[in-house]
Amino acid sequence: MGITGKVGGAVAACLLASGEPVRALVRAADRGRAWQARGCEVAVVPDAADDRALTDAFEGAAGVFVMNPPNYDSAPDFADTRLRAAAAARALHRTRPGRVVLLSTVGAQASEFNLLNWASFFETALAGTGVPFASLRAAWFMENVAWDIAAAREGRIESYLQPLDRPIDMVSARDIGRTAAELLRETWDGPRTIELAGPRRYSPNDVAQGLATVLGHPVEAVAVPRETWEPRFRAEGMRHPEARIRMLDGFNEGWIGFARDGTESRTGTTDLVAVLRELAAKG
């Protein structure tokens, strides 16, 4: 799943490089043509909440990589996520693949309401299938900086992560994809939780310094005042900004982070500056 995105594409590329057969799940046939040209079988699943289409797509698979299609404006009850999680669980229960890897997130265990609550619904649903299941809880994506490239060219980026000198765990999509591909080639029984971070933690100031290095001129990080978040998000078209706001609060206040206890820990190798160079070259 998610093969047309950064992480799913990285998973597929790693598997293909290892000589594994890959089935690409796409919403429309034309979106799978590039992967078909690379040797993938293509399965069309227009709606990730369609358990029958997912069943057909999962049939005969040795391993399945599952993603929740991103929705940054979910309603507070996460009804869309609950439907997709239940559909994926039904399809996996019917098809019984050898293993399942879910792209989850840092903070999936947090009980307080926030945008990342979707992960707990997926983790619970997929763990209940009885299929060997690994939840890959990835740190904050380094690629999120893509939204800041244009502003950085003008010398100033705005940050919702605060304070500006507080580092958090970050990881690249490349490392997430590589780790997921490794897990899909492993064998185990029961559920697993793997927490994946990059080689070091980064603060907003570190991001600004990295952008300055890549762009060749000073870049300053500026904190966006908390009281302006909701009107900003609503002006951008969000109807339900509360969950996103609480997610940011969770990172800033420290209650969103890795669980550590009862989990496995892995570390990526891709440095933030390497990702920033790629992003700057594209945008």
**OP:** Please lay out, stage by stage, how Arg201 and Asp206 fare under the test salt bridge (charged side-chain N to carboxylate O under 4.0 Å, His left out).
**Re:** CA-CA 9 Å; Arg201 306 178 94 201; Asp206 292 329; over 6 Å; no
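The line from CG of Leu92 to CZ of Arg99 is 13.0 Å long, rounded to the nearest 0.5 Å. Interatomic distance, OG of Ser74 versus CG of Asn68, reported as 7.5 Å (0.5 Å rounding).
Applying the side chain to side chain donor-acceptor pair (under 3.5 Å) definition to pairs two or more places apart or across chains, those involving residues 153-165 are Glu158-Arg232, Tyr160-Arg232. Sorted by first and then second residue, the pairs that involve residues 68-84 and meet salt bridge (charged side-chain N to carboxylate O under 4.0 Å, His left out), not counting sequence neighbours, are Asp80-Arg84. The list of ring pair (Phe, Tyr, Trp, His ring centres under 6.0 Å) pairs with a residue in residues 248-283, not counting sequence neighbours, reads Trp140-Phe251.
With hydrogens and angles left out, the side-chain atoms of Thr55 and Arg90 include no donor and acceptor closer than 3.5 Å. Checked by atom type, the side-chain pair Thr95/Glu59 shows no donor-acceptor distance below 3.5 Å. A donor and an acceptor atom, one from each side chain of Glu195 and Ser265, are nowhere located under 3.5 Å apart.
With sequence neighbours left out, Asn252 forms a side chain to side chain donor-acceptor pair (under 3.5 Å) with no residue at all. With sequence neighbours excluded, the residues satisfying side chain to side chain donor-acceptor pair (under 3.5 Å) with Glu186 are Arg192, Arg266. Asp47 meets the side chain to side chain donor-acceptor pair (under 3.5 Å) test with no other residue; sequence neighbours excluded. Annotation: side chain to side chain donor-acceptor pair (under 3.5 Å) contacts of Glu242 (sequence neighbours excluded): Arg234. Residues forming a side chain to side chain contact (heavy atoms under 4.5 Å, CB included) with Glu41 (at least two apart in sequence, or on another chain): Arg23. Residues passing the side chain to side chain contact (heavy atoms under 4.5 Å, CB included) test with Asp189, sequence neighbours excluded: none. Scanning for ring-ring contact (aromatic ring centres under 6.0 Å, His included) contacts around Phe78 gives Phe121, with sequence neighbours left out. Judged as a salt bridge (Lys or Arg N to Asp or Glu O under 4.0 Å), and not counting sequence neighbours, the contacts of Arg244 are Glu236.
Around atom NE2 of His93, no more than 12 heavy atoms belonging to other residues, nucleotides or ligands sit under 6.0 Å away. Other residues, nucleotides and ligands place more than 12 heavy atoms under 6.0 Å from the CZ atom of Arg226.
When atom types are taken as modelled, the side chain of Asn117 and the backbone of Asn114 share a donor-acceptor pair closer than 3.5 angstrom.
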Would you mind writing out the side-chain donor-acceptor pairs for residues 167-177 within the sub-3.5 Å range, not counting sequence neighbours?
{"unit_1": "Ser172", "atom_1": "OG", "unit_2": "Asp175", "atom_2": "N", "d": "3.1"}
{"unit_1": "Ser172", "atom_1": "OG", "unit_2": "Asp175", "atom_2": "OD2", "d": "3.4"}
{"unit_1": "Ser172", "atom_1": "OG", "unit_2": "Thr270", "atom_2": "OG1", "d": "3.4"}
{"unit_1": "Arg174", "atom_1": "NH2", "unit_2": "Glu278", "atom_2": "OE1", "d": "3.2"}
{"unit_1": "Arg174", "atom_1": "NH2", "unit_2": "Glu278", "atom_2": "OE2", "d": "2.1"}
{"unit_1": "Asp175", "atom_1": "OD1", "unit_2": "Arg178", "atom_2": "NH2", "d": "3.4"}
{"unit_1": "Asp175", "atom_1": "OD1", "unit_2": "Thr270", "atom_2": "OG1", "d": "3.2"}
{"unit_1": "Asp175", "atom_1": "OD2", "unit_2": "Thr269", "atom_2": "N", "d": "2.9"}
{"unit_1": "Asp175", "atom_1": "OD2", "unit_2": "Thr270", "atom_2": "N", "d": "2.9"}
{"unit_1": "Asp175", "atom_1": "OD2", "unit_2": "Thr270", "atom_2": "OG1", "d": "3.2"}

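A salt bridge does not link Arg33 with Asp30: every distance from a Lys NZ or Arg NE/NH1/NH2 to an Asp or Glu carboxylate oxygen is 4.0 Å or more.
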